[in-house]
Amino acid sequence: MYLCRFTDLTSTVGYDSIIQHLNDGRKNCKEFEDFLKERAVIEEKYGKELINLSKKKPCGQTELNTLKRSLDAFKQQIDNVGQGHIQLAQTLREEAKKMEDFREKQKLHRKKIELIMEAIHKNRNLQYKKTMEAKRLYEQRCRDKDEAEQAVHRNANLVTQKQQEKLFLKLAQTKSALEDSDRSYQQSITSLEKIREEWQKEHIKACEFFEAQECERISYFRNAIWLHVNQLSQSCVQNDEKYEEIRKSLEMCSIEKDIEFFVNLRKTGSSAPAPIVYENYYNTQRNVTPVRSPASVPISR
């Protein structure tokens, strides 16, 4: 999945792409973690507002009997809904912490592999640089030797014996330097090949580890979102159960019973007040016997 072919031994384009992708994945997990934390703040605030509303805001406080009990149940269940949102907020914070722990665990495991790869890349690049320098020197020694040979052939019959000896001496020196640079170049190539093989082996191992870690991350991230949605659904179900308790209480509310309860609580008697009759002042003064009022008339409720 992650293996790449390099035209340049020192290239880290493929490896850098993998690391960037893993960093992006870790960033995405952090964003979801922050999302859960923000949602927890919203849920907690909403829950507290509902609780304050149910406790402090009057809502039919002078109602009586069955409707009063229904209203009491209504306010209690609204309080319970608020408590449920506060509990959901705590659950979301716990899930955010789990995501944070997961991210840090992956980061810690990745760091070990990255340090190994950084050391291998450094060693490989250093050896590659030494090898290229050895190659450059070797090629220069080859040119020096070729020039010395050409000088010998070109001046074979044109110079003195002493000059010829100098030319042959220089040729011998260039051959010796060439042999030394050739050995050094071949040794560098051999060392570089060993390092290349080690790097390739470790690169494959690192890619396999990164792929497994990315599969784990995607699976964990997906499941975390799934769990989050289930928690929201469960919260809705629990809220509806609380609202159902309100509906059940309202079903028990009886208009007739509440009216009868009010009448019995506030009644002042079973008879209507007697009519007020006219009383002549002067007649009243002359008549020591007071005029009796007509009997009161019973009334129905």
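For reference, positions follow the sequence shown, starting with 1.
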Counting only heavy atoms not in Gln238, do more than 12 sit closer than 6.0 Å to its CD atom? yes

Could you walk me through whether Glu214 and Arg217 pass the salt bridge (charged side-chain N to carboxylate O under 4.0 Å, His left out) check? CA-CA 5 Å; Glu214 180 65 358; Arg217 186 194 68 82; 3.0 Å; yes

Using 30° and 60° as the class limits, which term best fits the ring planes of Phe35 and Phe32: parallel, tilted or perpendicular? parallel

Would you sort out whether Met132 and Arg136 count as a side chain to side chain contact (heavy atoms under 4.5 Å, CB included), showing the intermediate values? CA-CA 6 Å; Met132 292 301 100; Arg136 186 196 65 77; over 6 Å; no

What's the shortest heavy-atom distance between Glu216 and Gln106, and which atoms? OE1-NE2, 3.2 Å

Any side-chain donor paired with an acceptor under 3.5 Å for Glu49 and Asn52? no

Would you say the side-chain atoms of Gln76 and Asp72 include a donor-acceptor pair closer than 3.5 Å? no

Indicate the atoms forming the closest heavy-atom contact of Ile113 with Ala206, along with that distance. CG2-CB, 3.6 Å

Mind checking what makes ring-ring contact (aromatic ring centres under 6.0 Å, His included) contact with Tyr46, not counting sequence neighbours? His85

Apply salt bridge (charged side-chain N to carboxylate O under 4.0 Å, His left out) to residues Glu104 and Arg26 and explain how you reach the verdict. CA-CA 9 Å; Glu104 290 304 312; Arg26 186 168 179 271; 2.9 Å; yes

Given the rule in the side chain to side chain donor-acceptor pair (under 3.5 Å) test, do Gln140 and Asp144 qualify, once you have shown the distances and angles that lead to the verdict? CA-CA 6 Å; Gln140 182 60 50; Asp144 292 344; 3.0 Å; yes

Would you say that Arg247 contacts Asp240 through its side chain, given a criterion of any heavy-atom pair below 4.5 Å between the two side chains? yes

Kindly indicate whether the side chain of Leu232, heavy atoms from C-beta on, has any atom under 4.5 Å from the side chain of Leu88. yes

Under the criterion side chain to side chain donor-acceptor pair (under 3.5 Å), I'd like the reasoning laid out for Asn80 against Gln77: C-alpha separation, chi angles, the key distance, then a yes or no. CA-CA 5 Å; Asn80 292 342; Gln77 293 304 328; 3.3 Å; yes

Around Met252, counting heavy atoms of other residues, nucleotides and ligands shown, do more than 12 lie under 6.0 Å from its CE? no

Where does the angle between the aromatic ring planes of His121 and Trp199 fall among parallel (under 30°), tilted (30 to 60°) and perpendicular (over 60°)? tilted

Would a 4.5 Å heavy-atom cut-off, applied to side chains only, mark Gln90 and Gln87 as touching? no

Plane angle bin for Tyr220 and Phe102 - parallel if under 30°, tilted between 30 and 60°, otherwise perpendicular: parallel

Donor-acceptor pair, Thr131 side chain versus Leu192 backbone, under 3.5 Å? no

Smallest heavy-atom separation, Leu50 atom then Ile78 atom, equals O-CG2, 4.0 Å

Taking the ring centre of each residue, are His109 and Phe209 less than 6.0 Å apart? no

Any side-chain donor paired with an acceptor under 3.5 Å for Asp182 and Gln186? yes

Do Gln127 and Asn123 get their side chains close enough for a donor-acceptor pair, meaning under 3.5 Å? no

Close side-chain approach of Arg103 and Lys30, heavy atoms under 4.5 Å: yes

Can you tell me if Ile255 has over 12 outside heavy atoms packed within less than 6.0 Å of its CD1? no

Qualifying side chain to side chain donor-acceptor pair (under 3.5 Å) pairs, either residue in residues 165-180, two or more places apart: Asp180-Arg183

Quick test of your reading of the model: are Arg196 and Glu193 salt-bridged, counting only N-O distances below 4.0 Å? yes

Please determine, by modelled atom types, if Tyr278 and Asn280 share a side-chain donor-acceptor pair under 3.5 angstrom. yes

Hey, mind stepping through Glu149 and Lys145 against salt bridge (charged side-chain N to carboxylate O under 4.0 Å, His left out) and telling me if it holds? CA-CA 6 Å; Glu149 285 182 339; Lys145 192 266 294 183; 3.5 Å; yes

Give a yes or no on this: more than 12 heavy atoms of other residues, nucleotides or ligands lie within 6.0 Å of atom CD1 of Ile276. no

Does the side chain of Gln61 come within less than 4.5 Å of Leu71's, by heavy atoms? no

Check for a donor-acceptor pair, side chain of Ser235 on one end and backbone N or O of Gln231 on the other, with a separation under 3.5 Å. no

Step-by-step side chain to side chain contact (heavy atoms under 4.5 Å, CB included) determination, Leu137 to Ser184: CA-CA 9 Å; Leu137 184 60; Ser184 178; over 6 Å; no

Evaluation steps, salt bridge (charged side-chain N to carboxylate O under 4.0 Å, His left out), between Arg39 and Glu43: CA-CA 6 Å; Arg39 180 64 187 264; Glu43 293 290 342; 2.8 Å; yes

Do any N or O atoms from the side chain of Asn65 and from the backbone of Phe261 form a donor-acceptor pair under 3.5 angstrom? no

Minimal heavy-atom distance between Ala224 and Met99, with the atoms involved, is CB-CE, 3.9 Å

Over all atoms of both residues, closest heavy-atom pair of Arg93 and Ala40: CG-CB, 3.7 Å

Polar side-chain atom of Lys75 near backbone of Ser54 as donor-acceptor pair, under 3.5 Å: yes

Would you check, one step at a time, whether the test side chain to side chain donor-acceptor pair (under 3.5 Å) holds for Gln20 with Asp24? CA-CA 6 Å; Gln20 183 60 52; Asp24 289 342; 2.9 Å; yes

Same cluster or not: are Ile51 and Val81 linked, directly or through other Ile, Leu, Val, Met, Phe, Trp or Tyr residues, by side-chain heavy atoms under 4.5 angstrom apart? no

Would Tyr128 and Ile195 count as a side chain to side chain contact (heavy atoms under 4.5 Å, CB included) here? Give the steps. CA-CA 9 Å; Tyr128 178 81; Ile195 292 174; over 6 Å; no

With a 4.5 Å cut-off on side-chain heavy-atom distances among I, L, V, M, F, W and Y, is there a chain of contacts connecting Tyr185 to Leu9? no

Using side chain to side chain contact (heavy atoms under 4.5 Å, CB included), reason through Lys205 and Glu202 one step at a time and then give a plain yes or no. CA-CA 5 Å; Lys205 287 169 58 177; Glu202 292 299 327; 3.5 Å; yes

Counting only heavy atoms not in Lys68, do more than 12 fall under 6.0 Å of its NZ? no

Has the side chain of Arg110 got a donor or acceptor atom that lies under 3.5 Å from a matching backbone atom of Phe210? no

Atom CD of Glu100 and atom CG of Leu36: how far apart are they, to the nearest 0.5 Å? 12.0 Å

Quick check: do Leu64 and Leu265 have side-chain heavy atoms less than 4.5 Å from each other? yes

Is Lys242 atom NZ crowded by more than 12 heavy atoms from other residues, nucleotides or ligands, each under 6.0 Å away? yes

Between Ser181 and Leu178, is there a donor-acceptor pair closer than 3.5 Å when you use the side chain of the first and the backbone of the second? yes

For Ser254, is there any backbone N or O sitting under 3.5 Å from a side-chain donor or acceptor partner on Thr66? yes

Residue pair Asn264 / Lys267, side-chain heavy-atom distance below 4.5 Å: yes

A side-chain contact here means heavy atoms from C-beta on lying under 4.5 Å apart; do Glu31 and Asn28 qualify? yes

